[in-house]
Amino acid sequence: MARWPDEFRIVVAALVLTVLGGCSGLPDAHEARICRMLIPAINPPESSFQVQSTTKAPGGGVEVRYAVRTASGHQRTRTLLCRFGTVLFDTNDRLVAAWSDGKELSEVRLAILKLFWLGSQESAAADPAPYLQLGYVPQISQPLAFVLQHVVSALPLIGIYAVLAPAYALVYGLIGRINLAFGEFAALGGYAALLGVPLAGALTFWPDVLAVSLALGLFAAGTHGYVASRFIFEPLHRASGQQVLIATVGLAMALQEYMRLSQGSALRWMEPFFNNPTAIAASEGFVVTVTPIGISVSAFAVFVALGLLAMMKWTRYGRSWRACDDDPIAAALLGVNFRGLLMTTFVLACELAGLAGTIVTFYYGGVGFAGGIVFGLKALIAAIAGGIGSIPGAFLGAILVGGAEMVWSILFPIEYRDLAIYTLLAALLIWRPEGLLGARYGLFRWRLDCHRA
């Protein structure tokens with residue numbers, strides 16, 4: 001039986017995880033929010049509300065059970081059921097029907113509510129349950145609450161760096177060269193993932209849409225990476241580091257212009273999903289919240305990190321890569337095909353970049369033709385900090401860079417945060433150019449290239 005490539009197995013596993021990650025019992029966050037926003041409009045003025053549960057309705061839609069207390073003191077429990085259509089870009093338009101205590105709202109009343117109430121800023125402020133509180137929410141001190149919120153908010157960003165930074169480590173560990181265009185490959189993956197949403201418009205189940213978007217993001221980054229490797233990296237693999245570095249700068253500029261001309265200069269946005277905040281702690285009016293998309297991004301990054309480490313340790317590709325990294329001459333004598341290994345490595349690195357761009361699009365909801373520059377540069381800083389050429393070091397550096405951004409955001413003005421990160425890079429290059437994991441993976445280590453064997 002034919003043996004599937006290791007990279008294909010990783011992609012399939014990522015798709016399966018994405019599908020399973022969305023198969024929860026929670027309703028779509030924005031559909032639930034729209035349904036809850038109807039509550040003040042269909043009840044007497046000056047009433048108070050307490051949402052008791054927000055669940056998926058049988059047959060689709062959202063069901064909200066809530067207690068209402070009128071200004072006269074009368075209290076009762078009511079149920080609101082909302083049904084949504086398949087239009088993916090405007091949740092208000094997707095609301096097609098609603099039932100209050102089993103009685104359907106008329107088409108005229110629903111149209112008026114959608115036009116004059118749901119489209120107003122007052123409706124968003126009137127959401128009776130902006131935070132999804134599940135059971136007991138512990139009360140903690142205010143400083144601890146602030147720190148906890150920053151930690152929770154930093155986890156998805158650390159996850160993005162942790163997916164992108166190994167792309168630099170893979171290529172540098174093999175040939176001792178840095179590709180400065182991985183940020184643009186991330187933007188390519190983000191654009192493809194964004195285009196996957198309307199292409200999957202016939203699918204009403206969000207995990208299916210995410211799976212299609214993820215597949216397109218990986219495919220776009222991988223195919224562009226193959227072309228770049230075939231026509232840029234392979235012809236220059238015997239060239240000096242400066243020539244390759246200049247070529248990657250040109251590649252980055254060409255990819256940026258390619259995306260600007262094909263997708264436009266404006267940012268492209270998609271409707272956020274799975275981002276209903278859930279309260280996990282509170283302190284004197286300050287509520288610490290997490291979102292399902294934030295948790296999913298962080299967990300998915302951990303899965304990718306563990307999968308990549310396992311692949312490098314136990315698969316044939318990983319053994320070949322490590323052999324070429326340790327002793328390129330001996331690896332060539334034992335039959336390691338450097339050209340094929342370089343091609344596979346570059347495509348795999350570009351797919352990691354595309355995966356990072358897809359995560360950025362899912363988490364932030366938008367992408368731009370120049371949006372990969374900052375992420376790519378900070379991921380490179382993470383790879384250098386951990387010891388470029390070391391995949392575990394790339395993960396360690398991602399934690400360091402993300403943690404440094406978090407600490408700076410807590411203590412100092414956020415507008416100077418990027419300046420602090422670049423200063424940290426300069427300090428590392430001056431005092432510890434070999435990175436956190438030692439001289440073996442340093443930026444300036446001397447090495448024989450595998451292609452010279």
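For the single chain, residues carry numbers from 1 onward in sequence order. We use all heavy atoms of the structure for the numbers below, so side chains are in, but hydrogens, waters and symmetry mates are not. A quick note: this is a predicted structure, and the numbers were derived from the prediction, not measured.
- Under the rule for a side chain to side chain contact (heavy atoms under 4.5 Å, CB included), the partners of Ala323 that lie at least two apart in sequence or sit in another chain are Ala331.
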Return all side-chain donor-acceptor pairs below 3.5 angstrom for residues 412-426, not counting sequence neighbours, or 'none' if the list is empty.
from   : atom 1 : to     : atom 2 : distance (Å)
Arg417 : NH1    : Ser409 : OG     : 3.3
Asp418 : OD1    : Lys378 : NZ     : 2.5
Thr423 : OG1    : Leu419 : O      : 2.7

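- Formation of a donor-acceptor pair under 3.5 Å by the Thr345 side chain with backbone atoms of Leu341 is found in this model.
- To the nearest 0.5 Å, atom OG1 of residue Thr289 and atom CD of residue Gln149 are 4.5 Å apart.
- Here the straight-line distance linking atom CG of Leu255 with atom CG of Leu188 works out to 5.5 Å at 0.5 Å rounding.
- For the atom pair CD of Glu63 and CZ of Arg83, the computed distance is 9.0 Å after rounding to the nearest 0.5 Å.
- Residues Leu80 and Leu38 approach most closely at CD2-CB, 3.9 Å, considering heavy atoms.
- Arg268 places a side-chain N or O within donor-acceptor distance of the main-chain N or O of Gln263, the cut-off being under 3.5 Å.
- Atom CZ of Phe362 is separated from atom OG of Ser213 by 4.5 Å, given to the nearest 0.5 angstrom.
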For Leu352 and Phe182, run side chain to side chain contact (heavy atoms under 4.5 Å, CB included): C-alpha distance rounded to whole Å, both residues' side-chain angles, the deciding distance at 0.1 Å, then the answer.
-> CA-CA 9 Å; Leu352 284 174; Phe182 278 132; over 6 Å; no
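- Sorted by first and then second residue, the side chain to side chain donor-acceptor pair (under 3.5 Å) pairs with a member in residues 178-193 read Glu184-Gln256; sequence neighbours excluded.
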Going through the distances and angles, do Leu218 and Leu355 end up as a side chain to side chain contact (heavy atoms under 4.5 Å, CB included)?
-> CA-CA 6 Å; Leu218 291 174; Leu355 181 59; 3.9 Å; yes
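- With hydrogens and angles disregarded, a donor-acceptor distance shorter than 3.5 Å links the side chain of Arg322 to the backbone of Met312.
- The ring pair (Phe, Tyr, Trp, His ring centres under 6.0 Å) contacts involving residues 213-233 comprise His224-Tyr258, Phe233-Phe346, where partners must be two or more places apart or lie in separate chains.
- Listed here is the closest heavy atom pair of Leu342 and Ser229: O-OG, 4.3 Å.
- Applying the ring pair (Phe, Tyr, Trp, His ring centres under 6.0 Å) test to pairs two or more places apart or on separate chains, none has a residue in residues 365-398.
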Given side chain to side chain contact (heavy atoms under 4.5 Å, CB included), test Phe84 with Val62 step by step and report yes or no.
-> CA-CA 9 Å; Phe84 295 85; Val62 177; 4.2 Å; yes
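- The side chain to side chain donor-acceptor pair (under 3.5 Å) test applied to Tyr161 returns Glu405, not counting sequence neighbours.
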Output, in order, the C-alpha distance, side-chain angles, deciding distance and verdict of side chain to side chain contact (heavy atoms under 4.5 Å, CB included) for Leu428 and Ile384.
-> CA-CA 8 Å; Leu428 282 171; Ile384 294 173; 5.7 Å; no
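- For the atom pair OG1 of Thr344 and CG of Leu170, the computed distance is 11.5 Å after rounding to the nearest 0.5 Å.
- Between Leu245 and Leu180, the closest side-chain pair of non-hydrogen atoms falls below 4.5 Å.
- Interatomic distance, Tyr168 OH to Ile391 CD1, rounded to the nearest 0.5 Å: 15.0 Å.
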